[in-house]
Amino acid sequence: MSTLIQHINLSSASISTPPPILTTFPLLKPTNLRQSLFSFTHKLILSPPNKSLDEAYASVLDHCAAQKSLWHGKQIHAHIIKRHNVHDFMFLATKLVLLYGKCGSLLDAEELFDEMPERSIFAYNALLGAYVSHGETRRAIQFYADMRFLDVPVDAHTCSSVLKACAGERDTRCGREIHGYMIKLGFLCNDIAVNSLVSVYARCDDARAVKLLFDQRSGKGDVVLWNLMISTYGLIVFGEMLSAAVTPTTYTFVAALQACKELSSGVQIHAVVFKYGLCWDRYVANALVVMYSECSRIDEAERVFINIDDRDSVSWNSMLAAYVQNGLYDESLDLFREITRDGRTPDRVSVITALSACGRSGKLLSGMEVHTFALKNGLDLDLQVGSTITDMYAKCSKTRFMDSAFRRIPQKDFISWTTIISGYVQNNGHMKALDSLREVLNEGIYIDKMMIESVLIACRELKSISVAKEIHGYIVRRELSDIVVQNTIVDAYGECGEVDYARNIFELIEMKNVVSWTSMVDCYVRNGLANEALKISHRMVRQGVELDSIAVLSILSAVTSLSTLRKGKELHGFLVRRCLHLEKSIASSLVDMYGSCGAVDNAHKLFDCAKSRDLVLWTSLINGYGMHGQGKMAIKLFRKMEAENVHPDHITFLAILYACSHSALVDEGRRFFNTMSCQYGLEPWPQHYACLVDLLGRANHLQEALELVETMKMEPTAAVWCALLGACRIHSNMEVGEIAAIKLLEMDPKNPGNYVLISNMFAVAERWEDVEEVRMRMRLKGLKKDPGCSWVEIGDRLHTFITRDRSHPRSDEIYDKLTQITEKLERDAGYKAQTSYALHNVEVVEKVRMLHGHSERLALAYGLLTTPQRTPLRITKNLRVCGDCHAFTKLVSKHFEREIVVRDANRFHHFKDGYCSCRDFW
DNA sequence: GTAGGGTTAG
């Protein structure tokens with residue numbers, strides 16, 4: 001032993017008390033460091049010094065490098081320096097550079113490299129490799145550039161190292177440059193260098209270049225090259241590889257499993273894994289867990305996971321993620337706790353995954369538990385952990401915790417900002433979301449599609465057309481558009497009332513999906529263009545778009561607002577075939593649709609079939625009966641609902657108050673209005689006041705109605721004054737009417753309907769000067785009266801008529817028919833046009849001509865012209881039906897023996913045998 | 001005589 005000590009002064013003490021890293025590597029493998037030092041001493045004793053000593057140094061340095069033992073490496077380094085063996089120094093120095101690189105001590109490696117009097121290409125490659133393996137990719141690329149500048153004879157090893165750096169940086173420019181250089185120097189016959197090149201192209205998604213290099217391969221090709229091909233082109237290549245009799249490795253299976261899209265191929269790959277005896281490989285097993293999880297086979301994923309003997313953090317985290325992806329949040333949290341019991345500490349990925357489970361399932365307490373764990377382990381300052389904590393609190397609606405979690409993130413990136421912005425949007429903080437966007441823009445932070453999406457939703461909710469346009473401009477300038485963003489823009493413009501903008505964007509979407517179509521249908525429905533909505537939904541069906549339940553709901557609301565029973569029934573049939581009609585929201589929408597299409601009996605049948613009746617369903621049916629003037633039935637249902645312990649909300653009370661109003665049930669209406677606050681603690685909204693005012697007013701309790709308005713707890717809205725004004729018009733009460741008119745024009749001066757209502761009030765009283773003044777004001781403001789418009793469904797088509805319409809192809813026949821009808825009614829029923837309803841100061845003949853041209857009459861005439869006798873007719877009008885037309889239709893129902901259902905802007909009128917269900921109260 | 005390429009979790 002003394003020889004050894006003399007030679008290298010490596011005290012036995014320093015070998016017997018190695019740094020802690022060695023104690024964790026007990027004498028398991030023959031190649032461990034102690035063993036090699038032991039054989040080193042033997043060599044020193046047995047062989048003569050000089051050359052063989054250098055070999056021994058080299059061997060020890062190899063072992064130090066393999067064990068990554070910087071401490072021992074430095075000891076050996078000190079000895080080499082002592083020996084001053086300049087002759088062999090370059091060779092050993094290269095080994096030392098390599099060792100320092102492996103041990104992560106780049107400074108030592110660089111210092112030694114700089115001290116070397118001469119440097120071989122090995123030395124250059126050693127330092128280059130050190131840069132690459134420590135993620136110093138930019139430095140590596142720069143170092144390579146320096147080498148080229150100094151005319152260092154670069155070899156294939158140099159190329160593969162620097163190409164690895166290029167792949168990390170996704171630097172195709174540099175990659176292509178090296179590619180050219182490799183062609184020039186004939187390195188393309190070196191498999192390893194070629195593979196490095198392929199991996200650059202694969203990382204940069206240049207599949208064509210990958211294919212080109214693969215086709216230029218020699219022989220059946222290197223297995224690594226095949227693996228790269230699998231990750232680029234997927235499973236087809238995997239099959240080809242097996243046919244080409246290339247032996248797969250663990251890398252092959254990981255790539256194949258990653259490329260696997262469906263269970264059947266996954267199972268086949270699993271079988272091949274068994275065949276090659278690689279099922280015990282941890283990498284393969286981990287990839288299997290992920291594959292089974294993605295194919296929703298959580299049982300198989302668990303089975304693979306349980307059989308992994310040497311689970312690493314990736315195994316645990318893959319299983320954790322498998323539970324979360326498959327919605328098994330409790331299981332994932334249990335597993336998170338189990339990690340600790342396994343003697344491990346959950347790492348940042350475990351924490352992120354567990355937090356996302358808590359967020360998705362809204363488990364605030366578990367979320368706080370994981371948050372605490374992150375705090376204790378110093379993980380909370382990690383960027384991604386911080387963002388996930390923020391997101392978890394956002395999803396649990398704890399906005400204050402969300403705010404403070406966000407503030408704690410030291411260096412926020414665009415993802416953390418996206419998280420907080422979408423957090424605000426999820427929790428109705430739309431203004432705060434827009435404020436945050438301003439901060440992002442000021443700080444010059446990168447903006448991605450996800451962030452844009454949240455911001456667009458904020459615009460939509462705030463109905464801020466100016467911000468929406470600004471964001472849209474930004475998206476176009478930055479080319480941030482994708483299908484999701486485009487759909488959201490359509491939605492935002494639709495909600496802001498910009499139908500033309502929405503349509504333009506919609507038409508520009510190249511690959512429209514069901515969401516794009518639904519957004520456009522929604523846009524039309526929201527903006528009162530239900531006809532357009534139906535047209536576009538037909539286009540959607542013709543193009544073979546698969547409808548989902550949300551699309552169906554949108555189309556249903558178009559059908560509902562148009563009252564086309566036929567379309568409604570078609571949709572209903574479609575839903576039954578898809579078993580979608582039982583879904584709660586769809587069931588209520590169907591009840592609503594039948595009610596609004598004049599088939600309240602069908603609505604009731606559906607209601608009876610419903611398995612469970614929630615408040616929305618009850619409200620839909622009550623509303624249906626209300627619209628049809630069956631107030632008593634609506635009240636009966638309301639009582640039944642109360643008896644079944646379903647508690648009404650504001651909307652239910654609106655429905656029941658409207659029902660009372662349409663059936664002139666004054667006492668009942670008053671009573672419901674009181675119960676609402678007294679019994680159910682619901683403060684009435686302005687809409688409830690408007691409803692009661694309408695009821696009282698039309699029943700000629702105008703004074704009571706006015707008092708109600710004056711005692712309202714909030715400022716009366718335009719709708720309230722409008723209801724009062726309508727009643728004043730019916731009862732020709734000019735004093736109250738004028739008060740209401742002034743208020744109404746103050747509050748809502750841009751609505752043409754208000755001017756028409758006021759002018760009609762004066763017309764009934766024949767105050768033509770006032771009529772003229774109101775119409776003049778309207779013209780000065782550039783407002784136009786909405787034209788009257790009615791439509792009737794004949795066969796599978798809607799026929800639309802506006803006032804004095806002549807555009808219908810059978811227009812002449814329609815007017816002839818109308819004249820015939822009128823003559824018959826004048827002759828047989830003594831019908832005489834009530835010219836007071838023609839609210840213009842013109843001659844009587846002209847007034848009769850005007851009444852003749854009302855849209856509902858044209859629709860009625862067309863219906864009688866084109867349908868067989870006794871066929872019921874369903875007509876819908878955008879405004880309220882005119883009084884003379886109402887009388888006319890009653891007579892038609894008797895003298896032409898037709899049931900006629902008219903839905904106007906307010907309610908339904910069922911005409912039969914000369915009577916109307918509204919009992920002339922509307 | 002020294003070294004270099006391709007895998008897993010969010």
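Letters A, B, ... mirror the listed sequences (proteins, then strands); counts begin at 1.
Using a 4.0 Å heavy-atom distance criterion, Val290(A) is classed as a sugar-phosphate-only contact. At a threshold of 4.0 angstrom between heavy atoms, the contacts of Asp62(A) with the nucleic acid are absent. Residue Ala126(A) is classed as having no contact, given no heavy-atom separation below 4.0 Å to the nucleic acid. Among the protein residues, Ala156(A) comes within range of the nucleic acid bases, having at least one heavy atom under 4.0 Å from a base atom. Using a 4.0 Å heavy-atom distance criterion, Thr249(A) is classed as a base contact.
Between the OH atom of Tyr124(A) and the C1' atom of dG4(B) there is a distance of 18 Å, given to the nearest Å. dG6(B) atom P lies 20 Å from atom CZ of Phe253(A), rounded to whole Å. Atom CD1 of Ile308(A) and atom C1' of dA9(B) are 12 Å apart (whole Å). When the P atom of dT2(B) is taken as reference, atom OH of Tyr100(A) falls 21 Å away, rounded to whole Å. Between the C1' atom of dA3(B) and the NE2 atom of His157(A) lies a distance of 6 Å, rounded to the nearest Å. Tyr131(A) places its OH atom 17 Å from the P atom of dG4(B), with the value rounded to the nearest Å. At whole-Å resolution of the value, CD1 in Ile80(A) and C1' in dT2(B) are 13 Å apart. When rounded to the nearest whole Å, the span between CZ of Arg344(A) and C1' of dA9(B) equals 13 Å.
Looking only at side-chain heavy atoms (C-beta outward), His72(A) and Gln67(A) stay at 4.5 Å or farther from each other.
Using cut-offs of 30° and 60° for the angle between ring planes, the Phe214(A) and Trp226(A) rings count as perpendicular. Ring orientation note: the planes of Phe336(A) and Phe373(A) are nearly perpendicular, at an angle over 60° on the 30°/60° scale.
Ring-base stacking between Tyr283(A) and dT7(B) is satisfied, the centre separation being under 5.5 Å and the plane angle under 30°.
Among the nucleotides dG4(B), dT2(B), dG6(B), the one closest to any side-chain atom of Ser161(A) is dG4(B). Picking from dG6(B), dG10(B), dT8(B) the nucleotide with the shortest atom distance to the side chain of Ile352(A) gives dG10(B). Closest to the side chain of Arg348(A), from the set dA3(B), dA9(B), dG10(B), is dG10(B). Minimum atom distance to the side chain of Ser160(A) is reached by dG4(B), of the listed dG4(B), dT2(B), dT8(B).
Phosphate contact (OP1/OP2 of dA9(B), side-chain N/O of Gln325(A), threshold under 4.0 Å): absent. Not one side-chain nitrogen or oxygen of Gln258(A) sits closer than 4.0 Å to the OP1 or OP2 atom of dT7(B).
A donor and an acceptor atom, one from each side chain of Thr249(A) and Thr252(A), are located under 3.5 Å apart.
The base of dG4(B) is not paired with the side chain of Thr158(A) by any donor and acceptor separated by under 3.5 Å.
Contact between Leu355(A) and His371(A) at its shortest, heavy atoms only, is CD2-N, 4.3 Å.
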